[in-house]
Structure formats: structure tokens, C-alpha cells
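Notes for the one structure printed next.
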Protein chains: 2
Amino acid sequence: MDLAQIGATQKGGVCRLALTELDGRGRDLFVQWAREAGCSVRVDAIGNIFARRAGRDNDLPPVMTGSHIDTQPTGGKFDGNYGVLAGLEVVRSLNEAGIETEAPLEVVVWTNEEGSRFVPVMMGSGVFVGAFTLEHALAQRDAQGVSVGEALAAIGYGGAESPALPVGAYFEAHIEQGPVLEANDRVIGVVLGALGQRWYDVEVQGMEAHAGPTPMALRRDALLAASELVAEVNSIALERAPHARATVGSLEVFPNSRNVIPGRVRMSVDLRAADGAMLLDMDAALRLACERVSLARGLTIGVQEVVYFSPQLFAPKLVDGIRSTAAELGYSAMDVISGAGHDAVYLARLAPTAMVFVPCADGISHNEIEDARPEHLEAGCNVLLLAMLRSAGVTA
Amino acid sequence: MDLAQIGATQKGGVCRLALTELDGRGRDLFVQWAREAGCSVRVDAIGNIFARRAGRDNDLPPVMTGSHIDTQPTGGKFDGNYGVLAGLEVVRSLNEAGIETEAPLEVVVWTNEEGSRFVPVMMGSGVFVGAFTLEHALAQRDAQGVSVGEALAAIGYGGAESPALPVGAYFEAHIEQGPVLEANDRVIGVVLGALGQRWYDVEVQGMEAHAGPTPMALRRDALLAASELVAEVNSIALERAPHARATVGSLEVFPNSRNVIPGRVRMSVDLRAADGAMLLDMDAALRLACERVSLARGLTIGVQEVVYFSPQLFAPKLVDGIRSTAAELGYSAMDVISGAGHDAVYLARLAPTAMVFVPCADGISHNEIEDARPEHLEAGCNVLLLAMLRSAGVTA
């Protein structure tokens with residue numbers, strides 16, 4: 001709630017875009033809290049913050065947890081922030097209980113997970129695991145032309161370049177951002193992995209014409225064709241229940257005038273599935289649907305893939321640990337698959353990784369009314385703590 | 001081609017919005033030409049320009065023709081302008097041939113037919129026939145806050161208020177703005193009347209949610225529902241072929257983000273039909289479709305009618321005259337119904353009215369590439385001249 005004051009919006013949400021002055025103040029607060037909890041703090045060249053609680057054997061690779069504190073323009077208090085503060089809570093609880101771990105622990109704030117101001121999304125964790133280069137990330141610019149490198153320097157979070165260090169294990173606690181836990185009345189989501197994602201730009205090119213004098217039979221209406229595609233995209237996921245998702249989130253009509261038959265439509269398509277073969281199959285179904293509609297309507301449809309994330313399973317041993325920990329603590333739990341991307345999805349390329357989900361009200365996220373219940377947030381922290389202890393090893 | 005220089009665009013079109021300085025220059029050129037052709041010129045309080053060629057009996061109500069010279073932002077050379085210049089050509093031809101008419105002739109430039117800068121559309125003819133008041137029209141403002149009254153004064157075309165005078169007959173020559181004449185290889189369109197129009201704002205309210213974590217079964221996707229409506233709207237016209245039209249020209253998605261399930265869609269619906277009963281029936285079909293989709297998808301759909309023009313038949317005697325004149329002159333002709341609104345549709349409320357259509361290239365209008373063939377434009381002028389002579393009476 002203190003962190004949520006920085007960038008607080010009137011509707012109870014948070015607007016704290018990556019690498020803004022507000023993000024800088026949020027980071028400062030985290031660093032202050034981490035130091036007060038006895039951690040040493042290191043910042044890398046893309047601005048990721050690593051707060052380290054020393055272990056008994058500091059040559060062991062650290063057991064990490066973390067998430068992000070940048071938000072969407074109309075974001076909530078919990079997305080990302082919960083994972084960072086849950087990590088801090090683990091450190092404080094261990095301090096209070098006087099527990100030392102074998103391996104050191106690190107709580108990480110990853111830079112620019114949301115991608116609202118700078119793309120690519122999940123920038124800090126992406127650079128950390130080598131999904132793209134530091135140079136590429138630093139050179140990206142926002143809508144005002146400010147580069148990531150400039151924005152980092154402006155808030156004082158451009159750290160030293162450093163070799164990627166081995167990671168013993170990575171955990172991330174997060175609100176579910178979906179309605180499944182709530183609909184099933186469960187407190188803990190045991191995250192098996194994350195859906196793969198394929199994102200497309202689709203452009204339908206028809207023939208602009210005056211809506212009055214042009215008979216129905218002589219039209220090539222780009223919006224009518226696009227509407228058929230929206231329905232087809234929906235079917236692609238319905239036919240592959242329960243884990244497939246397909247969404248047209250963005251659609252723009254040209255010239256978008258009341259009495260002009262649309263000549264052109266630009267739309268996005270977002271396909272997600274739990275395994276790569278299904279995602280490949282969905283890609284083929286999309287292209288077939290575009291071909292079918294374009295033939296039937298006598299217009300052209302261009303399909304361009306713009307983003308690909310392969311499905312990512314988390315480490316079975318760690319996932320089992322989350323599941324059994326939830327049971328030990330008496331929390332109702334269920335296996336889920338993350339539909340969204342998270343820094344953990346990148347970390348899983350580098351180290352054994354697992355996530356803990358807790359419910360959020362009505363499944364709403366990326367929204368100022370995003371909310372979560374304190375007892376659920378506490379449950380997630382407790383599971384996270386025991387899972388991290390198990391990985392880091394406890395000194396008797 | 002000279003008039004089209006004023007506001008000429010790079011792509012060969014014209015941008016001469018109503019009551020701009022460019023519109024003023026276009027009006028000045030028309031007034032100059034009309035005076036050179038021996039006409040007296042009068043401007044009324046809404047800026048309509050009446051160029052009068054005296055007849056033998058100037059107490060007879062004038063036989064009028066005209067159209068508009070304002071254009072769409074990306075308009076062409078012919079829409080409106082052709083009708084005005086065809087009227088001027090009639091006057092010049094009669095002058096050259098030394099023909100005097102019984103009744104006076106008037107060539108009219110109607111103010112703001114397009115409605116691109118100020119609404120309502122067909123403003124000048126609307127005021128002339130009393131569809132709405134002069135005060136209402138003068139008070140309308142453009143996006144910059146300039147009123148019609150101010151804009152008229154700025155270009156010097158705010159004339160004196162004057163009582164509506166009786167009109168003997170009204171003719172308007174116009175490019176078809178659709179593909180029917182060209183598709184049927186005809187030179188003259190004998191316009192029986194104009195389709196009635198009902199325009200709506202439709203708003204679909206669903207539930208915004210993250211595209212990844214939200215299973216298909218738990219979604220209330222406003223764009224999916226809107227897409228079904230687009231298809232239903234199209235069917236409403238297809239089931240009432242050949243004269244019904246139904247178009248969704250404008251559609252906006254909120255928040256319109258690639259990975260967010262659309263929570264809200266705002267769209268327009270434009271329904272047109274040749275008779276009032278069918279238009280009423282189409283209105284009912286639209287409301288039923290909205291209800292069906294909203295029930296099936298568990299979301300709300302609001303429908304608000306924003307514009308209504310009743311279908312308007314033209315004067316059978318004048319229409320017959322156009323048809324027989326085209327036949328006498330050896331032009332291929334066909335009966336058509338105007339799908340678009342025209343100043344003639346308002347004038348038909350006040351006086352016997354008819355229109356003459358000529359083909360435009362590929363049926364394209366409201367577009368900078370709008371084009372028409374000189375021999376077709378000449379044919380339209382010839383039909384207009386003989387039709388006007390018949391109404392005005394020729395002195396032996």
C-alpha cells in the first residue's frame with residue numbers, strides 16, 4: 001500500500017510506467033526497504049535490481065524470487081508489485097525468525113516487464129537470460145523519442161555491465177490475472193508453465209465505397225470480412241479447449257466513417273496454447289481462415305507474425321514442491337497454466353523455475369480496480385517462503 | 001477543371017470544405033461566371049447562391065437546377081460541382097442559341113451539402129425547404145468552435161433573410177456515386193427517388209480482461225459480439241434485395257490493445273430502403289439482432305437512432321420526362337434509385353423534382369480519384385437542358 005502511493009490514480013490504481021521518475025521513486029523505496037532488511041543491493045546495466053540476503057555459503061548460486069514494479073498506464077496495485085514485496089516479506093520473516101539459508105537469497109526487481117512505455121516487454125529478464133542483447137534493449141525509444149539508456153541514466157538506475165551469474169532456482173509469486181482460481185474457490189494456483197504465444201498483425205484490404213449507392217452484391221467490405229475472421233479466430237480456440245486462447249484485441253477501420261463501406265481493416269490476433277504442436281496447428285488454422293474469407297469475399301488478407309513465445313513448462317521438481325507446500329499449509333490449491341507472460345517464463349530458460357498464483361478479484365488485472373485479498377496474499381507469501389527455503393537449504 | 005483548381009489535392013482530388021476561404025473562392029468564381037452569362041445573383045441568409053436567368057414572365061416560379069460545390073476532405077472534382085456547372089452550361093447554351101424561356105431559370109449553389117465541417121448535412125437546401133430552422137443551422141459549430149454564421153460572414157456569403165419563394169420545378173444532375181450504371185453500361189440514370197435512411201449508434205458493453213489468463217468460456221468479448229452484429233446487419237440487407245442497403249462503416253474498440261479482450265465497442269449502423277415499410281421492418285430486424293446477440297453472449301447492447309430520412313419519390317411526370325428525353329437523344333438509360341442523400345431529396349418536399357445521374361469511374365466517389373467521362377457529363381447536360389426547357393416553357 002505504501003509503494004502503491006507512488007503513481008496512485010484517482011480510481012485506486014497505479015500509473016508508474018517503466019523508467020519514469022515515478023518508477024525511480026518506487027525503486028528507491030524498494031532499495032531502502034531491502035537495505036533496512038540487511039540486503040546488499042546491486043543494479044545491472046539494464047536496471048534490474050538484485051537485493052541479496054547472504055547465505056552460509058555465498059559461492060552457491062542464489063535462490064531468487066522477484067517480479068516487477070512498473071505498471072500499465074491504468075494498472076493496479078498488485079500486478080508485479082506483489083511478487084517483489086512477497087520476496088521482501090520472505091527476507092524479513094527469515095530475519096525475524098533468525099533463520100540462515102545455505103545458499104544466498106536474492107529479491108529481484110526486473111526492469112520494464114509491462115512494455116507499456118518501451119518494447120519489448122519483459123525487457124530486464126529478457127536481457128538477463130540473453131533473449132535479446134543489452135544493446136538492443138538500451139536503444140529502444142518511447143513515443144517521445146527517449147531511449148531506454150537515457151531513461152535509465154535519468155533515474156540513476158543504469159548499473160554496470162556484469163556477466164550473467166548462475167541462478168540456483170527462481171520463484172515468482174503473482175496474482176493470477178484471470179478468473180480461474182476464484183471460479184474454483186482455490187487459494188493457491190500451482191503453475192505448471194506458461195502458454196506459448198503467437199501474435200499477428202492482420203490487414204484486410206477491400207474496396208472503400210459510398211454506403212448509399214453501392215448495392216450489396218457489388219461490395220468488397222473489409223469490415224464484414226474482418227468480422228468473419230474475428231468469429232473464426234474465436235472458433236480456433238474453442239475447438240482446442242480448455243487451454244487454447246485466441247483473441248482479437250485491437251481492430252481499426254479505415255476510413256471509419258458512418259456512410260462509407262470500410263476499405264481496409266487492421267487487426268491483431270493473439271493465439272496461445274500449452275504446447276508447441278497445438279500452437280503450430282492454430283497458426284495453420286488462422287492462415288486457412290484468412291484464405292477462406294479472402295476467397296469468399298474477393299479481397300486480400302495479409303498475415304504477419306510479430307511475436308512468438310514458445311510454451312514454457314516450469315521445473316517439475318519445483319512445481320511439485322509448490323503443490324505439496326500448499327497442501328502442508330492447508331491451502332486449497334489447483335494446477336493452472338499461466339496464460340500471460342511473466343519474467344519467470346524467461347528465467348525458466350536459465351534456471352529451475354516455478355510460480356505461485358493467488359486469486360485476484362473477478363480475475364481483473366491491468367485495470368485500476370485490480371484487487372486481491374490480504375489472506376490470499378499472505379498464503380502466497382507463506383508458500384513462497386517454504387519453497388525458497390527448500391531450494392536454498394536451511395542450516396540446522 | 002478550373003473550379004477544381006481551388007482546393008486541388010496532390011492526388012487529383014479537391015479539398016474545399018464548406019464555408020472555408022477556399023469555398024469562398026469557389027463561390028466567387030461561380031458568381032463571376034454566372035454574371036458573365038447574364039444572370040442576376042442573389043444570396044440568402046444561409047449562403048445559398050441563386051443565379052437567375054430571366055424569363056419572359058418573371059412572375060412565374062423559377063425552374064431551378066443546382067447542387068453544391070463544397071467537398072469531402074478527400075473529395076473529387078465531380079460530386080456536387082458537376083450539377084452546378086451543368087446548370088451554368090444550360091444557361092450558356094440557351095444564351096448561345098438565343099432561346100428565351102417562359103419561366104425564369106435559376107442555377108443554385110446549396111451551402112454545405114457534405115456535412116464534413118458542419119452538421120447537419122444538406123444544410124442549405126434543408127433550411128430552404130424548412131427541414132430545420134435558419135437559426136439552428138447558423139448556430140452549428142465546427143471542430144474548432146467556429147459557427148456557421150461566423151464562417152458565412154468571414155467569406156462574405158451571409159445574405160439577407162428572405163421568404164421562401166415558390167419553385168416551379170427542381171432538377172439536379174449528379175454523378176451516380178455508385179457502380180450500377182457502369183456495371184450495366186448505361187449513360188443516363190433516370191432517378192426514381194432516393195432511399196430512406198436510418199442511422200444508429202450501437203454500443204456493445206462486455207467485460208475487459210487480460211487475453212492470456214482468461215479462458216474462452218469465461219469471456220464477455222465485446223468485439224466478438226460486435227462482429228456477429230456486423231454479419232447480422234449485412235444479412236438484413238441481403239434478405240431484402242435488391243434495393244436495401246445495410247452498412248457498418250465505423251467501429252471502435254476499447255481499450256483496443258493487442259492482449260486485452262475488448263470490453264466495449266462503439267459502432268454505426270446505416271440502413272437504407274426504398275419504402276418506409278421496409279425501412280421499419282429493417283429497424284425491427286436490427287433491434288432483434290442486437291437482442292439475440294446480447295442474450296447469447298451475456299452482455300448489453302444499446303441502440304440509438306441518430307438520423308432518419310424517409311424515402312423520397314421524385315415527381316413521376318418529371319421522371320418520365322427525363323426518361324423520354326434520354327431516349328430522344330439516343331442515350332442508353334436505366335431507372336435507378338439514389339442510395340445517397342442529395343439536395344434534390346429536400347427540394348422534393350417543396351416542388352416537383354427529378355435527378356439525372358451519369359456514371360462515374362468504378363462507382364468511386366468521396367475519393368480523390370473520383371472520375372467521370374466528358375461524353376457522359378455532356379450527355380447529362382443535354383438531358384438536363386431539354387428537361388428544364390420542357391418545364392420552363394419555350395417561347396416560340
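Just so it is clear, the structure is predicted and the values come from calculations on it, not from any experiment. Only this structure's heavy atoms are used, side chains among them; waters, hydrogens and symmetry mates stay out. First the proteins, then the strands, lettered A, B, ... as listed; each starts at 1.
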Do you know which of [options] has the most heavy-atom pairs with chain B at a distance under 4.5 angstrom?
options                        : answer
A/V336, A/V180, A/I337, A/L224 : A/L224
A/H243, A/E252, A/R219         : A/R219
A/L238, A/L223, A/V253         : A/L223
A/E176, A/R272, A/Q197         : A/R272
A/G178, A/A241, A/P213         : A/P213
A/I261, A/V260, A/L195, A/V248 : A/V248

If I measure from the heavy atoms of chain B, does [X] come under 4.5 Å with its side chain, its backbone, both, or neither?
X      : answer
A/R258 : both
A/A209 : neither
A/A194 : neither
A/V121 : neither
A/F357 : neither

With a 4.5 angstrom heavy-atom cut-off, which part of B/V306 approaches chain A: side chain, backbone, both or neither? side chain
Within-4.5 Å side-chain heavy-atom neighbours: [X] and [Y]:
X      : Y      : value
B/E182 : A/L218 : no
B/T214 : A/R245 : no
B/P179 : A/P215 : yes

Can you list the residues of residues 263-271 of chain B that sit under 4.5 Å from chain A, counting heavy atoms only?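 If one takes a 4.5 Å heavy-atom cut-off, the residues of residues 263-271 of chain B near chain A are B/S268, B/D270.
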Please list, in residue-number order, every residue in residues 72-79 of chain B that has a heavy atom less than 4.5 Å from any heavy atom of chain A; write 'none' if there are none.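 Residues of residues 72-79 of chain B touching chain A at under 4.5 Å: none.
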Once rounded to the nearest 0.5 Å, what's the spacing between atom CD of B/E239 and atom CE of A/M216? 10.5 Å
Contact residues of residues 227-237 of chain A (partner chain B; heavy-atom separation under 4.5 angstrom):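 Listed by number, the contacting residues are A/S227, A/V230, A/A231, A/N234, A/A237.
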Contacts of residues 358-372 of chain A with chain B (heavy atom under 4.5 Å):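 So far as heavy atoms go, A/I364, A/H366, A/N367 are the residues that approach chain B to under 4.5 Å.
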Side-chain (B/N259) to main-chain (A/G249) donor-acceptor, under 3.5 angstrom: no
